[in-house]
A.B. asks: 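Encoded as structure tokens, here's the structure I'll be asking about.
The structure presented is a predicted model; accordingly, all values stated were derived computationally and were not measured. Just so it is clear, the values below take in all heavy atoms, side chains as well, and ignore hydrogens, waters and symmetry mates. Below, chain A is the first sequence line, B the second, and so on; all start at residue 1.
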Protein chains: 2
Amino acid sequence: MRRSGSGPSTDAPRGETVGYRPLYRQVYDTLLRRLADAVWQPGQLLPSEGQLAAELGVSQGTVRKALDALTADSLLVRRQGRGTFVAEHDDQQSVFRFFKLRPDADGGGIPDSRVLALSRGTANGDERERLDLPRTAQVVRIERLRSVAGRLCVCETISLPESLFPGIAELSLPNTLYSLYATRFGITIGTARERLKAILLPAREAALLEMPEGTPALEIDRVAMDLEERPVEWRLSLCLTQDMHYLSVLR
Amino acid sequence: MRRSGSGPSTDAPRGETVGYRPLYRQVYDTLLRRLADAVWQPGQLLPSEGQLAAELGVSQGTVRKALDALTADSLLVRRQGRGTFVAEHDDQQSVFRFFKLRPDADGGGIPDSRVLALSRGTANGDERERLDLPRTAQVVRIERLRSVAGRLCVCETISLPESLFPGIAELSLPNTLYSLYATRFGITIGTARERLKAILLPAREAALLEMPEGTPALEIDRVAMDLEERPVEWRLSLCLTQDMHYLSVLR
DNA sequence: GAGTGGTCTAGACCACCTG
DNA sequence: AGGTGGTCTAGACCACTCA
């Protein structure tokens, strides 16, 4: 691992005011690249800290700091006595990382999904804006209904750039899309930005959710980003909140 | 700083399967106690790492790890070359730590507040449940309207246990309540749990917000906790989301 | 230049898991 | 018993801030 600042100039001294990048950050980037390129698959055991340190030519403490940062970003999972693993975000527990709707009563279980429609077309204005796409870009749209504990509660439309997810329209879609993105297309969702509004259900969505038109609902406008913070999915969800709520924990 | 596991038994060996607590965690708890007891005031400069290490009888690295953890919990702010400071959560920027409502258009500025009513009474069922209070507990209730960029957008009722905030009903209330809690009552808000629902505005709140009855609105049920995770404030807010949205970032 | 936090290293020991 | 991550230490050097 070279101990240099970033940028094209070689052997720039570390003392440069601009462009200084700590060693552990460079290690972080190196490992992140391997994760983003799916060199290491979800669930896989990474080499030990000592092995990574030897391979990269840095001390174990520096590798540890990079691994800790990746763990804090929930890209890795560390288990004392066993090793460091690539995080799996399709676990029963991890479904809830991006699904914040909870039954008012405790419990509830895993959300269920049913695809209503699947189509392809040219990106519209909203899709181009959310996904940062050129005017001629093609997108795949998925419309589906979701239930929790047998109760219909979400109607959503998902838009994906076809360039990033070639042939996804021909696959049978699982309940948890994000694990499909990771395993079939090498795209790991790192963060998501959600904008929430209270709206009244339009006639069409009301019928799908088997509720009267004009029922209040929570609209969630979500853009999901990959590990390099590029937008890769846009999702517009209408959620019933009569027996459910959206949980947000602020720190 | 004693190097022992927690619990009443003295000199328990560190190898105990249960009750083992790392040294840096003990340092964390010690410093957290000083912050909770307001030994160090917001904005104040802490002793340097070396001084704390000498005082507590541990290495600088251990103190650093505790300080880093407190910084991650946003209780401290570290500035290279200057020192470590107690976080101030009443900054222009930090108002938005717990205020997630944003204008759809960029900008907006600081939210403004106007108190409508102030009353005292015995805690009702909701208040006892949210704030974990006994049946005879007294609470202070604050009802207020908030605006962003001159637009009326929030109507909320805040309930506080009078035992924790004695005499707060006699004070003139600032726009940012949480800084008042910290400076006047030594209570620092560490986390908050919000439950969101879409509802229709009742007549009374609709009138206050100058909107028609039945307008869809976002209901935010917030319980704010102090540094020891005890609930200290309950707040029920009704928010207009015609020109605003609630921003949630998931990682 | 002095003092602070930030990085990096090397080594020791501990707690945990598996065989 | 051996390997892994987790903790703790001590010391060196770097980057930043301010007088």
A.B. asks: Please tell me if T84(A) has a side-chain N or O lying less than 4.0 Å from either OP1 or OP2 of dT4(D).
C.D. replies: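 Answer no for this pair, as no side-chain N or O of T84(A) is under 4.0 Å from OP1 or OP2.
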A.B. asks: Taking atom P of dC8(C) as reference, at what distance in whole Å does atom OH of Y24(A) sit?
C.D. replies: 8 Å
A.B. asks: Whole-Å distance between dG3(D) C1' and R79(A) CZ?
C.D. replies: 16 Å
A.B. asks: So what does R64(A) hit on the nucleic acid, given a heavy-atom distance under 4.0 Å: a base, only sugar-phosphate, or nothing?
C.D. replies: base
A.B. asks: By nearest atom, which of the nucleotides dG5(C), dA10(D), dC8(C) is closest to the L23(A) side chain?
C.D. replies: dC8(C)
A.B. asks: Under 4.0 Å: is that the gap between some side-chain N or O of R78(B) and OP1 or OP2 of dT4(C)?
C.D. replies: no
A.B. asks: The side chain of S48(A) is closest to which nucleotide in this list: dC8(D), dG6(D), dT4(D)?
C.D. replies: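 Within the option list, the nearest is dT4(D).
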A.B. asks: Start with the C-alpha distance between L218(B) and K197(B), add both sets of side-chain angles, then the distance that settles side chain to side chain contact (heavy atoms under 4.5 Å, CB included), and finish with yes or no.
C.D. replies: CA-CA 6 Å; L218(B) 190 62; K197(B) 281 174 176 276; over 6 Å; no
A.B. asks: L67(A) CG to dT4(D) P: how many Å, rounded?
C.D. replies: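 Rounded to the whole Å, the gap is 13 Å.
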A.B. asks: List every contact pair, protein side and nucleotides 17-19 of chain D side both N or O, where the distance is under 3.5 Å.
C.D. replies:
{"residue": "dC18(D)", "atom": "OP1", "partner": "R82(B)", "partner atom": "NE", "Å": "3.4"}

A.B. asks: When the distance from CD of Q26(B) to C1' of dT7(D) is rounded to whole Å, what number comes out?
C.D. replies: 12 Å
A.B. asks: Where the side chain of Q51(A) is concerned, which of dT4(D), dG6(C), dC8(D) is the nearest nucleotide?
C.D. replies: dT4(D)
A.B. asks: Can you check whether E156(A) reaches I158(A) side chain to side chain, under 4.5 Å on heavy atoms?
C.D. replies: yes
A.B. asks: Whole-Å distance between dC8(C) P and Y28(A) OH?
C.D. replies: 15 Å
A.B. asks: Heavy-atom distance under 4.5 Å between the side chains of M244(A) and V148(A), does that happen here?
C.D. replies: yes
A.B. asks: Counting side-chain heavy atoms from C-beta on, which of dT7(D), dT9(C), dT4(C) comes nearest to P22(B)?
C.D. replies: dT7(D)
A.B. asks: Can you tell me if K65(B) touches the phosphate of dC8(D), counting only side-chain N or O atoms and a distance under 4.0 Å to OP1 or OP2?
C.D. replies: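 For dC8(D), neither OP1 nor OP2 has a side-chain N or O of K65(B) closer than 4.0 Å.
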A.B. asks: Please identify each residue that fulfils ring pair (Phe, Tyr, Trp, His ring centres under 6.0 Å) with Y178(A), with sequence neighbours left out.
C.D. replies: F98(A), Y181(A)
